[in-house]
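What's counted below: heavy atoms across the whole structure, side chains too, no hydrogens, waters or symmetry copies.
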Amino acid sequence: DLMVFDGWSGELLSREQLADGVVKHIAWSAKDDFIYIAEQSPKAYVRALTPSLEEIWNMELSKYVEDSFLPDKTDIYGFYTLPAAYGLLVLDDESILVVAAHAWNKEGIFTNRSQIILLSPKGAVLRKYPQAPADTIFKHPVLNREQNLVLFSSMCSACETGAEPKNGPK
């Protein structure tokens, strides 16, 4: 569930439930007029919502890091094999930096995909890094004060020991 409360009175102002996703990151827009959420789900949506939780737009991160199906309900860790946002930051110019990542068993081969995506306030893709998804997992983006440098961690759970991932940072 997503919930918006009055921070002083505790009054519940809005509440919404997502169908098949888990919210991983939430952020207010720079002017507090929108809420951005990023989820882990078969499509790994990033959504822009009003403060009353009405959806304005959405985009599928899975288009960049591949999608996958909901796992069998008996697999207690299966949900973690779905694509997800591993970071969501709102910049001063209102653009949105999202780290898309996916680690799953693709036809018997353990696979990683990641891409850092810069979105406009309307959800359009402005830039991607790298241009082709990296065969690794990017996590935990942090911006410097000038918001021109991105620090993030990278791990390759699908790489053999000592191997460099394809398309990843060098």
Closer than 3.5 angstrom, by distance alone: can the side chain of [X] be matched with the main-chain N or O of [Y] as a donor-acceptor pair?
X	Y	result
His102	Ser62	no
Gln115	Val99	no
Ser114	Ala101	no

Exercise: identify the closest heavy-atom pair between [X] and [Y]:
X	Y	result
Ala30	Asp92	CB-O, 4.2 Å
Pro51	Asp33	CD-O, 3.4 Å
Pro83	Pro42	CG-O, 3.4 Å

Next on the checklist: Less than 3.5 Å apart, any donor N or O on the side chain of Asn58 or Glu55 sitting next to an acceptor on the other?
Outcome noted: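 A donor-acceptor contact under 3.5 Å links the two side chains.
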
Item to check | Donor-acceptor pair between Lys24 and Gln40 side chains, under 3.5 angstrom | outcome: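 The answer is yes; a qualifying pair exists.
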
Checklist entry - When rounded to the nearest 0.5 angstrom, what is the spacing between CZ in Arg15 and CG in Leu53? => result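 Atom-to-atom, Arg15:CZ and Leu53:CG are 11.0 Å apart.
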
Checklist entry - If you look only at pairs with a residue in residues 78-87, which of them pass as a salt bridge (Lys or Arg N to Asp or Glu O under 4.0 Å), with sequence neighbours excluded? => result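 Output for this query is empty, none listed.
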
Checklist entry - Other hydrophobic cluster members with Leu12, side-chain heavy atoms of Ile/Leu/Val/Met/Phe/Trp/Tyr under 4.5 Å, chained? => result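 Members besides Leu12, by chain and number: Met3, Phe5.
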
Checklist entry - What is the ring orientation for Phe138 with Tyr129, classed by angle as parallel under 30°, tilted 30 to 60°, or perpendicular over 60°? => result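 Phe138 vs Tyr129 ring planes: parallel.
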
